[in-house]
Number of protein chains: 4
Amino acid sequence: MGSKKIKKGGRNVRREPRQWRARQTVEAILEAVVRIVKREGIGAVNTNRVAEVAGVSIGSVYQYFPDKRAMFIALHRQHIEEIDRLIHRTIVECGQSSLEGMICGVFDAMVDAHAKDPAYSSVIFSEIPHRPHGTEEFAVRLHGVIRLALAAKKGEMPRGLDLDVAAFVVGNIVDALAHGAAMRRPRGVTIEVAREESVRAMVGYLRGRGRGRRLACEDRA
Amino acid sequence: MGSKKIKKGGRNVRREPRQWRARQTVEAILEAVVRIVKREGIGAVNTNRVAEVAGVSIGSVYQYFPDKRAMFIALHRQHIEEIDRLIHRTIVECGQSSLEGMICGVFDAMVDAHAKDPAYSSVIFSEIPHRPHGTEEFAVRLHGVIRLALAAKKGEMPRGLDLDVAAFVVGNIVDALAHGAAMRRPRGVTIEVAREESVRAMVGYLRGRGRGRRLACEDRA
Amino acid sequence: MGSKKIKKGGRNVRREPRQWRARQTVEAILEAVVRIVKREGIGAVNTNRVAEVAGVSIGSVYQYFPDKRAMFIALHRQHIEEIDRLIHRTIVECGQSSLEGMICGVFDAMVDAHAKDPAYSSVIFSEIPHRPHGTEEFAVRLHGVIRLALAAKKGEMPRGLDLDVAAFVVGNIVDALAHGAAMRRPRGVTIEVAREESVRAMVGYLRGRGRGRRLACEDRA
Amino acid sequence: MGSKKIKKGGRNVRREPRQWRARQTVEAILEAVVRIVKREGIGAVNTNRVAEVAGVSIGSVYQYFPDKRAMFIALHRQHIEEIDRLIHRTIVECGQSSLEGMICGVFDAMVDAHAKDPAYSSVIFSEIPHRPHGTEEFAVRLHGVIRLALAAKKGEMPRGLDLDVAAFVVGNIVDALAHGAAMRRPRGVTIEVAREESVRAMVGYLRGRGRGRRLACEDRA
DNA sequence: CATGAATGAGTGTTCATTCAT
DNA sequence: AATGAATGAACACTCATTCAT
């Protein structure tokens, strides 16, 4: 009954917060990290400062996060989870839509995820040390969910289409363009135009004349 | 170095190397950074170690780089420059090629830049604190050079095409897919397939029926 | 630390000690600085050594002093405070004394403050970078307290005497002569003689025939 | 005949500059030190920066100064020399003056020396590490020259007066008050008043009833 | 003699982490 | 559970000094 520290899987996990207060503490900590990152860049994030901004003691930070990276990993996971959730919802909502509708939905979901808080997403992606498998984890999750979305519209796409290849292509495009549309559009490109063109590119690709004539890449030097 | 604080005396700018010896030193330093990053990750980069690996004294490091970040910035610039150069060369080489040829060339150039040294590019892109304008700088440069490449094949594309929009779309796609192709292909997607499909997507988009029928995005919830 | 440069994140202010332990730490640190200064000169003072001599970790030093200078500033303040206290005590103790008694008392207080630990005072005054207002702060404090002492014996001094002028003159004399008496007497001048003569000079000045005949400065070239 | 480095006394002396160019270099270096000290404080003085500001190479600095301290020592010596010269001149000029005239002259000489460039003198005195014998050297020189000045007016002072004691007292007073008058007068004390009062104090002391009645110091607690 | 590239011991400072209270 | 004082390895960076050119 003496409640000692209980490691769950063994994998650097501390006691899950059971109490209401505990959840609040955890959230305060993660919010503090985000606040600092947004205001001063990731370089300004250090555990003591996080504790201060969160209004808790440094000891409490270590009560819930075994080390500094754990906070970033938690944040990263949250972000992945959110995108996952957004796209899953889109898949459901677009059950009756055309392929275009689905792609639009997915694209918008991504833009939302990024645009809601550009500075934050930017940081999550470009500054957080998502070492070692962070990046892959995101890519894998995205690939999976995009594959799911495409599978739902398989009827509208050419027979021979390899879903994995398509998900790879569309996943990368949607991520890059949503990111780009939300955060670094060149002058004169509105977000609506970016969206329309992005979707056109993806749909065009997916509807493409399947096993069309070979590409004429080889005619160059 | 948490808060904003003021330094004491003098120069924030280090001399540009004038003598032959000096150039060698600078190169040795940058190479050392790359070596460490590739072997042990960016976390293992510290100025003293850089000096050691470069075979110069720590003083020499600071003779040419005002601070640690400066080394990364220099590397970042180098990388941008290299991609710029590669694509410019492609533009020239594909002067007589079709649109497909050009896009293939650009894509391959990007893959080359990334694949030659995946760990390194990955780090340059995802780990280096390219605060504040680093990322934009790359995006801007890429946009510019892609625009140039497309302009060279304007004849093969629909009349109404807005070059800036097209460059934005193609630039993002080529970067994301080349990156993805070089570094995180899902099982079963070969690099050749990735290339072919990527090019197909871009060319399809560019040749697309221009101002074709409106997309049916709005048929969803 | 040559040029003006900006620091990154957070706090420039260290917490005031709250627990008992903390006060002890702060004292140990300041004492360590004094010990090192006295034994090896100010040049031997470096933060790591201070921590070592104080028997605390370097981290603890920075817990209470934002930077190296802060330790010296604290010491400087302590010294000013002590002289202030000593002279205030003298004023009280000499409440019934004559003007001579008061001046003697003040002089002795100054000598005490300096002689108790000549090397240390010397360092506090001549070596500590009491930039920017350190020096003035001392002069101002001394002026104030000397003025107080003189005011207590106003009856023994000529009517027209301007207390500020007198405090300025006496303050400078007492400081210089006490300092000199304690630390750089020429051969053949005992501390008693130095004291007697110093006091004679000050009392003579203060009792001086007030608005006596003009000084004959102007009879020179 | 191979002109090797020739140490003169053995005491850290490098070849004295013989050529015109060399003198200019030395002066440029010392001026650079002063400029830096005045503009940014002594903390900003470092040999490389001195070379830069002086417009010479760091190698040239070491051609004429064996180490960093040597520059400060040279400056210190210059300052002492100047005061010496000024007071010697005063002694001559006041050959026919009264004691008051002489004291006035000495005081003015000191004020001049300090007031000409207050920031500089202040720094020379309070910031330069006049370790180990710097301070004494100044005190000794000042004592000597003041003694000389007083000796010239011995006739106007009481018989029993010990010249060494008098020079000690007057030397300290004149230095402190001239310094104070030039650099930290309290509000409401003009430099003229400071001068008049300072001189009154010194002359009063010197003319004082010599071995007058004992001071009543001992009537205090 | 002058130059300035190179050196490297030394120092100030940070910050993740522990643990007594 | 929470607190926050304490720790100390690690690091960024400085600057007096040397020496090849």
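A, B, ... follow the sequence lines: proteins, then strands. Residue 1 opens every chain.
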| said: Looking at dT3(E), I'd like to know if its phosphate oxygens (OP1 or OP2) sit under 4.0 Å from a side-chain N or O belonging to Y62(D). | reply: no
| side chain to side chain donor-acceptor pair (under 3.5 Å) partners of R77(A), counting only residues at least two apart | E137(A)
| task | Measure the distance from CZ on R23(A) to P on dA1(F) and round it to the nearest whole Å. | result | 13 Å
| request: Please list, by residue number, the residues of residues 48-57 of chain B whose heavy atoms come closer than 4.0 Å to an atom of DNA chain E; answer none if no residue qualifies. | output: V56(B), S57(B)
| All side chain to side chain donor-acceptor pair (under 3.5 Å) counterparts of T25(B), not counting sequence neighbours | none
| Roughly how far, to the nearest 0.5 Å, is the CD atom of Q63(D) from the CD1 atom of I29(D)? | 9.5 Å
| Does a nitrogen or oxygen in the side chain of S60(D) sit under 4.0 Å from OP1 or OP2 of dT3(E)? | yes
| DNA chain F stem ranges, 3 or more consecutive Watson-Crick or G-U pairs under 3.5 angstrom | E:2-21 with F:2-21
| request: Between G59(A) and T47(D), name the one whose nearest nucleotide on DNA chain F is closer to the 5' end. | output: G59(A)
| query | How many angstroms lie between CG in L30(C) and CZ in R35(C), if you round to the nearest 0.5 Å? | reply | 12.5 Å
| Which residues pass the salt bridge (charged side-chain N to carboxylate O under 4.0 Å, His left out) test with R39(A), sequence neighbours left out? | none
| remark: Quick note, Q63(C) side chain, CB onward, closest among dC1(E), dT7(E), dT7(F) is dT7(F)
| Who passes salt bridge (charged side-chain N to carboxylate O under 4.0 Å, His left out) against E81(B), sequence neighbours left out? | R141(B)
| request: Grab the CD1-P distance between I29(D) and dA16(F) for me, whole Å please. | output: 14 Å
| task | Provide, to the nearest angstrom, the distance between the CG atom belonging to D67(D) and the C1' atom belonging to dT18(F). | result | 14 Å
| query | Taking only residues two or more places apart in sequence or in another chain, which ones pass salt bridge (charged side-chain N to carboxylate O under 4.0 Å, His left out) with E31(B)? | reply | none
| With R49(C) via salt bridge (charged side-chain N to carboxylate O under 4.0 Å, His left out) - residues at least two apart | E40(C)
| P atom, dC1(E) versus dT21(F): distance in rounded Å? | 23 Å
| request: Would you indicate which nucleotide in dA6(E), dC13(F), dA1(F) comes nearest to any side-chain atom of K68(B)? | output: dC13(F)
| query | DNA chain E: I58(D) or I58(A), which has the more 5' nearest nucleotide? | reply | I58(D)
| note | Here the distance between atom P of dC15(E) and atom CZ of F65(A), to the nearest Å, is 19 Å
| field | Whole-Å gap separating P (dC15(E)) and CZ (R69(A)) | value | 18 Å
| Between N46(D) (CG) and dC13(F) (P), how many Å, whole number? | 17 Å
| task | Give a yes/no on whether any side-chain N or O of Y64(D) is located under 4.0 angstrom from OP1 or OP2 of dA2(E). | result | yes
| message | Output the rounded distance in Å from CD1 (I42(B)) to P (dC11(F)). | response | 14 Å
| query | Using a cut-off of less than 4.0 Å, is there contact between a side-chain N or O of T25(C) and OP1 or OP2 of dA5(F)? | reply | no
| said: To the nearest 0.5 Å, what is the distance between CZ on F72(B) and CD1 on I42(B)? | reply: 4.0 Å
| field | Under the side chain to side chain contact (heavy atoms under 4.5 Å, CB included) test, residues paired with A32(B) that sit two or more places apart | value | V50(B), V53(B), A54(B)
